[in-house]
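I have placed the structure first, in the form of structure tokens, so that the comments after it can refer back to it.
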Amino acid sequence: MKLLETVASVASIVACVTGASRPKQLVPFVYESIPLGQITPNGWLLAEMQTEADGLAGHLYDFYQYVKDAKWLGGTQEYSGLNEAFPYWLNGLVPLAYTLDDERLKGQVHDAMDYLFEHMVQPDGWIGFEEGGYRLIWARTLIFFAWTNLVDANSTYEKPVVDAMYSFNTLMNSMLKNKGTGVVPQKDGVLDDGYYFWFLSRVAEMIVSLQWLYEKHPRDGEMSKLWENMEMLHKFGYKWEDWFAESSYAFGDLYDLPERVTDDNFQFLHGVNVGEGLKAPAVIRRYTHNDSLIQTTRDGVQWSMKYHGAPSGTIYADEREDGINPYYGAETCTAVEVMFSNSYNFQALGESFYGDGSELAAFNALPGAMTGDWWAHVYMSQANQPYSKNLSTTPFYNTNSVGQTYGLEPNYPCCTVNHPQGLPKFVQAAFVKKGSNGLVHALLSPATVITDVAGGKTSVECRTNYPFDDELQYNIQTDKAFDFYVRVPTWALNSSLTSQSGSSSTLDSSTGLRKISVAAGNSSLTFSVGTQVRTEPRANDTVAVYRGQLLYALEIGVDVTSAPPKNYYNLTTYPASYAPPQAVDYTMLNTTEWNVAIDPSTIVYHPASDPRASLPTPIFAPGKPPMYMTVKACLIDWPLFMGSVPGWPIAKEQRKCLGDTFDAKLVPYGSAKLRMSELPTIDLV
Ligand SMILES: *[C@@H]1O[C@H](CO)[C@@H](O)[C@H](O)[C@H]1NC(C)=O
Ligand SMILES: *[C@@H]1O[C@H](CO)[C@@H](O)[C@H](O)[C@H]1NC(C)=O
Ligand SMILES: *[C@@H]1O[C@H](CO)[C@@H](O)[C@H](O)[C@H]1NC(C)=O
Ligand SMILES: *[C@@H]1O[C@H](CO)[C@@H](O)[C@H](O)[C@H]1NC(C)=O
Ligand SMILES: *[C@@H]1O[C@H](CO)[C@@H](O)[C@H](O)[C@H]1NC(C)=O
Ligand SMILES: *[C@@H]1O[C@H](CO)[C@@H](O)[C@H](O)[C@H]1NC(C)=O
Ligand SMILES: *[C@@H]1O[C@H](CO)[C@@H](O)[C@H](O)[C@H]1NC(C)=O
Ligand SMILES: *[C@@H]1O[C@H](CO)[C@@H](O)[C@H](O)[C@H]1NC(C)=O
């Protein structure tokens, strides 16, 4: 904490000299983000993102009613009064288009931007089409995420976006001063309280963009209004720091708590709210300078994972958080928000485990929610999901019976429009800057950054099959000498970072970073991370099996059928002309038994025959990853929950093999669309 205070006060002295128009300082990020467009994926990650662009994400603008015919674009379609579908889409498409530098997708973004500036930026400062009492701020939050990113990537948009954000800020200031209008349900108006509730839990999302404006585009006479709006949004909104506290947090399974407790706190229990709220204390700390919020953020993330987390790195919440049973559902939107909040927290607070949280969800939860071709997604993923079909009974708190099928909009359409942001924002956060002459590989993955470091141009290309392999190769070209760092995952047994010329690195255990000095000119480095198969205990004597950042699961044989997509609203089939032929709804039935127990002491890892060879495309599809594990296993008695999905396996003392033992195969979770990943243990040797 001492160190952080020193850093903060040095920053304010510097700012007093150079930035006279800013009256107060925000706490600086520990690591500074790099503008959108300067980091690009390569290798398997590029192939995955191109698949995303060729899939649903890259075609919503052409056909999907809640985007193509959104009221934001002059149409008539919105799935709710939140008017958030188009804003979610824009928030994902800006980084997808610019990270891939894809002309087709950039064209979609630019067309939409032109329409917004011609029709949605209103003379009184409002952005959108809503009038009178229906002016809820929430969807503007997503527009601002998209806009701030676009300005960082393309300066053509700087003036119109910054002007519009300042006008909106002035209007918002008068709204908030009028009893929190735009955030708080109003008594006399015609507003639906249900819609208002969402922004109350999500005010920190808007504060992120206000802070961007404050630091990157300060304007005389506007700064105090920005600061005041941060304070008012926080004042009127729900306070995550009060929820992530020993005295209030829901430790344990929510079905065991009185309904009153869970109903009264629903705003803190809704999955996507939690995914977003994980960064709220870190956002608030930037202007309150309250360092207690460092621990609050840590608690919020660690408790969410421990008491409500799935082994794939996301949070179980089938609308509402539940606990840790493997038949609970995790919403696809939640996975992308967890990824984004963790990468934000890593930049804001600098602790390495946040980086692991982002990688874990990116390499497991997100691909596990998508079909390999990225044309279909589940609304709810289950850790143990041996079939994906119209269930006879829904085991979920509030999700329909087809919520765990892969399709266009198997339940609420929010995940159809919100899933695209996941990977591009992950790539955007892959590298960050440290001080004036440091560059950090923060989220390990095959990616290239070209940026300014230490006053010169630097290019760092990381070639790797990570997380499918343990070695990362860097080719570096730089005008100026600089310090290069690699974030060492917290599960690493050991690690090394060496240069071809023989210089070696040091590990700073307080930051979890390995550091090496890079001279001007060309160099190449190798980072290796030591890992082995590890298991983590889960409920009811089950385990989750990992190697490095990959979760492994028992893959279930699949019988796949598909049908034209259905409307989520009343589950009737859309007209044949509505969607491209690749957009279908799937039913996947098990062709193998799923009631399998394993003896973890017998796990054997089988690496790819050439761990450095190019991986198949797409990698997260059945049968694609060349590495796997085998383990001694047998079938056990395992009752269904509600007659519908695998429940808790029977108690360990009662587990008996129903037949011979056999070698079961475990594969990377994201590639197995039907799988069991919380596996009961049994002694077989
Ligand atoms: C920036 O935006 C303008 C306006 O849409 C566009 O013409 C230009 O190609 C964009 N630049 C890049 C590098 O994408
Ligand atoms: C700082 O945050 C903590 C945790 O939420 C809170 O208990 C404390 O009152 C805050 N301090 C100030 C000065 O606001
Ligand atoms: C799911 O099955 C029920 C009958 O069990 C049926 O009423 C319903 O229409 C089915 N839903 C879909 C989307 O097929
Ligand atoms: C980690 O330690 C093992 C055992 O000593 C050694 O074989 C391996 O090379 C080390 N790996 C790294 C990346 O340092
Ligand atoms: C550095 O590498 C680049 C790309 O491989 C090459 O074009 C350039 O000539 C090299 N420069 C030096 C000084 O070796
Ligand atoms: C299984 O685990 C859950 C969650 O911890 C617990 O509530 C339940 O009692 C356990 N069931 C059995 C049969 O042990
Ligand atoms: C189902 O909902 C859609 C969209 O609201 C509507 O167009 C269609 O007529 C509805 N179909 C039935 C059978 O109610
Ligand atoms: C698929 O799962 C069902 C339901 O649990 C089970 O009865 C059936 O035996 C499994 N099918 C096969 C082919 O193993």
Side-chain angles (χ1 to χ4, degrees), residues 1 4-5 27 42 204 230-231 234-235 237-249 268 277-301 303 326-327 349 382 384-393 395 404 448 450 456-461 463 473-481 499-501 518-525 554-561 587-596 633-650 658-659 662 664 673-676 680:
M1 224 170 272
L4 289 173
E5 277 161 20
V27 176
N42 66 60
M230 293 181 218
E231 289 175 338
H234 182 224
K235 177 180 129 195
Y238 291 131
K239 294 177 187 48
W240 288 90
E241 64 274 25
D242 293 346
W243 177 246
F244 294 142
E246 294 272 359
S247 53
S248 12
Y249 193 70
F268 296 124
L278 293 179
K279 64 181 167 306
V283 173
I284 302 308
R285 170 175 171 262
R286 295 203 65 211
Y287 80 87
T288 59
H289 293 253
N290 181 347
D291 282 342
S292 305
L293 297 174
I294 297 171
Q295 181 63 37
T296 306
T297 311
R298 201 183 282 144
D299 287 342
V301 171
W303 293 345
Y327 53 80
L349 305 174
Q382 293 168 299
N384 287 347
Q385 185 174 310
Y387 32 77
S388 165
K389 62 177 187 182
N390 186 4
L391 297 171
S392 53
T393 333
Q404 47 90 292
T448 303
I450 301 178
K457 253 278 166 283
T458 294
S459 150
V460 176
E461 177 197 50
R463 291 269 164 195
Q473 289 283 352
Y474 296 92
N475 296 315
I476 302 180
Q477 274 179 265
T478 182
D479 295 348
K480 294 275 167 64
S499 79
Q500 218 170 30
S501 58
V518 175
N522 287 1
S523 38
S524 52
L525 309 177
L554 176 79
E555 187 169 24
I556 303 297
V558 195
D559 169 26
V560 184
T561 50
T587 295
M588 301 187 189
L589 302 177
N590 60 308
T591 59
T592 53
E593 304 283 354
W594 52 261
N595 47 322
V596 173
C634 70
L635 299 179
I636 60 163
D637 194 17
W638 189 338
L640 295 177
F641 175 69
M642 299 178 88
S644 153
V645 292
W648 300 324
I650 56 169
L658 297 180
F662 54 92
K673 305 310 164 185
L674 298 185
R675 71 258 159 165
M676 303 295 280

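Both ligands and their constituent atoms are indexed starting at 1 by order of listing.
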Write none if no such pair exists; otherwise list each N/O atom of ligand 5 with its protein N/O partner under 3.5 Å and the distance.
unit_1, atom_1, unit_2, atom_2, d
ligand 5, 2 (O), Asn522, ND2, 2.3
ligand 5, 11 (N), Asn522, ND2, 3.0
ligand 5, 14 (O), Asn522, ND2, 3.3

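At a 4.0 Å heavy-atom cut-off, ligand 2 touches Leu293 through the side chain alone. Contacts between Thr592 and ligand 8 below 4.0 angstrom, taking non-hydrogen atoms only, involve the backbone exclusively.
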Next on the checklist: Set out, in order, the CA-CA distance, both residues' side-chain angles and the distance that settles side-chain hydrogen bond (donor to acceptor under 3.5 Å, both in side chains) for Asn42 and Thr448, then state yes or no.
Outcome noted: CA-CA 7 Å; Asn42 66 60; Thr448 303; 3.2 Å; yes

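A heavy-atom distance below 4.5 Å is found between the side chains of His234 and Glu241. Contact check for Phe244 versus Leu278: side-chain heavy atoms found under the 4.5 Å cut-off. Looking at heavy atoms from C-beta onward, Phe662 lies in side-chain contact with Val596 at the 4.5 angstrom threshold. Inter-residue side-chain proximity for Thr458 and Lys480 is flagged as unmet; no heavy-atom pair is nearer than 4.5 Å.
Of the candidates Asn290, Thr288, Thr296, Asn290 is the only one forming a side chain to side chain donor-acceptor pair (under 3.5 Å) with Ser292.
Checked by distance only, ligand 2 and Asn290 come closer than 3.5 Å through their nitrogen or oxygen atoms. Considering backbone and side-chain N/O of Tyr387, none are found under 3.5 Å from N/O of ligand 8.
Aromatic ring pairs are classed by plane angle as parallel below 30°, tilted from 30° to 60° and perpendicular above 60°; the pair Trp303 and Tyr249 is tilted. By the 30° and 60° cut-offs, the orientation of the rings of Trp648 relative to Tyr327 is tilted.
When each atom of ligand 8 is checked for a heavy atom of Thr591 under 4.0 Å away, the hits are 13 (C). Close approach of ligand 2 to Glu241 (heavy-atom distance below 4.0 Å) involves ligand atoms 5 (O).
Pairing each heavy atom of Pro281 with each of Thr297, the nearest pair is CB-OG1, 3.4 Å.
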